[in-house]
Amino acid sequence: MFYEPSQGHGLPHDPFKALVSPRPIGWISTIGKDGALNLAPYSFFNALTGKPPLVWFSSEGPKDSSTFAGETREFVANVVGRELAEKMNRTSVNAPRGTSEFGYAGLTAAPSRLVAPPRVAEAPAALECKVTEIFRPKGLDGKQTDIFVVVGEVVGVHINEAFLTDGLYDVVKAGNVSRLGYMDYSSISEVFSMRRPRWEED
């Protein structure tokens, strides 16, 4: 089949998010200028580059995460392990502004080293970030969308040593959780390796 998104897909549900998957979940913790804490999962999240280490998340509308990140210019991207999936989902609740999802989901807010927002103590890893820019992308019509893209440079990394195997972060042991389409998620249960080939002329 083929369809143009602007014309509709004719399926029971929009397949876009299922096609662009799996997507890592950025479990974003922020703090407002008034000290209010927020914790929310974002499936539109990823790394931009390794040098410098930049990550981004995008918010559909000015939600607490993007608003607080804009106020304090800092956030923490926490990694979601399989054992935390249900609590992560609980933090996606549409709570009143200023409500701390840490307490609501029964999670521990641990102090960060270099930024003000706390990290999720139970997370297998966490990235402390300082905001480098926030922008609103445009569509083909040239109009600015109501999407807020927050880019941050990673200035500190926490790794729970229980998830290190021979000095490598073990994604299977942690069971990194990712977002699929519809109401679906996945957890890493196996990996395979391939070396980048060297060019050889015939």
Side-chain angles (χ1 to χ4, degrees), residues 5-6 14 16-17 20-80 84 88-105 107 109-121 123 125-159 176-179 181:
S6 62
D14 188 346
F16 175 70
K17 293 179 181 179
V20 186
S21 70
R23 299 184 308 281
I25 297 172
W27 206 6
I28 307 299
S29 50
T30 52
I31 188 170
K33 60 183 179 182
D34 60 356
L37 297 180
N38 185 259
L39 177 65
Y42 285 84
S43 68
F44 288 112
F45 162 83
N46 218 317
L48 279 171
T49 180
K51 295 182 180 180
L54 297 174
V55 296
W56 64 271
F57 71 93
S58 69
S59 172
E60 296 182 343
K63 298 179 181 177
D64 281 0
S65 298
S66 59
T67 300
F68 288 178
E71 290 176 355
T72 65
R73 311 300 292 182
E74 297 176 337
F75 65 91
V76 177
N78 301 275
V79 174
V80 181
L84 293 171
M88 173 276 296
N89 188 48
R90 190 167 170 77
T91 64
S92 68
V93 65
N94 187 19
R97 175 158 293 196
T99 300
S100 173
E101 290 79 6
F102 281 94
Y104 182 74
L107 295 162
S112 295
R113 295 282 189 90
L114 304 175
V115 299
R119 58 190 174 86
V120 176
L127 310 175
E128 296 187 13
C129 305
K130 289 184 178 289
V131 174
T132 59
E133 61 181 309
I134 299 176
F135 65 92
R136 294 170 65 184
K138 298 177 181 178
L140 281 175
D141 58 7
K143 295 180 180 179
Q144 194 173 60
T145 64
D146 196 35
I147 305 300
F148 292 78
V149 179
V150 181
V151 182
E153 182 167 343
V154 179
V155 295
V157 178
H158 298 264
I159 300 176
N176 281 27
V177 175
S178 59
R179 192 71 166 90

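Everything numeric in this text was worked out from a predicted model, so none of it was measured. Note: hydrogens, waters and symmetry copies are ignored here, and every other heavy atom, side chains too, is used.
- Nearest heavy atom pair, residue V151 against residue F75, reads C-CE2, 4.3 Å.
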Show your reasoning for whether side-chain contact (heavy atoms from CB on, under 4.5 Å) applies to I28 and F68. CA-CA 11 Å; I28 307 299; F68 288 178; over 6 Å; no
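- Counted within 6.0 Å of CD on E60, heavy atoms from surrounding residues, nucleotides or ligands total 12 or fewer; the atom is thus considered open.
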Anything under 3.5 Å between a donor and an acceptor, one on a side chain of residues 32-50, the other on a protein residue two or more places apart or in another chain? List them.
{"unit_1": "D34", "atom_1": "OD1", "unit_2": "A36", "atom_2": "N", "d": "3.1"}
{"unit_1": "N38", "atom_1": "OD1", "unit_2": "S65", "atom_2": "OG", "d": "3.1"}
{"unit_1": "N38", "atom_1": "ND2", "unit_2": "E101", "atom_2": "OE1", "d": "3.1"}
{"unit_1": "N38", "atom_1": "ND2", "unit_2": "E101", "atom_2": "OE2", "d": "3.2"}
{"unit_1": "Y42", "atom_1": "OH", "unit_2": "S65", "atom_2": "OG", "d": "3.1"}
{"unit_1": "S43", "atom_1": "OG", "unit_2": "R23", "atom_2": "NH2", "d": "3.1"}
{"unit_1": "T49", "atom_1": "OG1", "unit_2": "K51", "atom_2": "N", "d": "3.4"}

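- Counting heavy-atom neighbours within 6.0 Å of F135 CZ, excluding the residue itself, gives a total above 12.
- Crowding of D141 atom CG: a count of heavy atoms from other residues, nucleotides or ligands under 6.0 Å exceeding 12.
- Shown are V76, V79, T91; of these, the side chain to side chain contact (heavy atoms under 4.5 Å, CB included) with W27 is made only by T91.
- With hydrogens and angles ignored, the 3.5 Å screen pairs no side-chain donor or acceptor of R119 with any backbone N or O of N78.
- When the options V115, V154, V157 are evaluated for a side chain to side chain contact (heavy atoms under 4.5 Å, CB included) with E128, the one that passes is V115.
- In plain terms, the two heavy atoms of R73 and I134 that are nearest each other are NH1-CD1, 3.9 Å.
- Between the CG atom of L54 and the CG atom of L127 there is a distance of 11.5 Å, given to the nearest 0.5 Å.
- Taking all atoms of both residues into account, the shortest heavy-atom contact from P96 to T99 is O-OG1, 2.8 Å.
- In this structure, L107 CG and S29 OG are separated by 10.5 Å, a value rounded to the nearest 0.5 Å.
- Side-chain contact between P118 and F102 is present, with at least one heavy-atom pair separated by less than 4.5 Å.
- Counting all heavy atoms, side chain and backbone alike, T67 lies closest to P62 at OG1-O, 3.4 Å.
- Closest heavy-atom contact between L114 and V155: CD1-O, 3.2 Å.
- The nearest pair of heavy atoms linking E153 to P52 is OE2-CB, 3.6 Å.
- Remark: S59 pairs with no residue by the side chain to side chain donor-acceptor pair (under 3.5 Å) rule, at least two apart or across chains.
- Under the side chain to side chain donor-acceptor pair (under 3.5 Å) criterion, K130 pairs with E74, not counting sequence neighbours.
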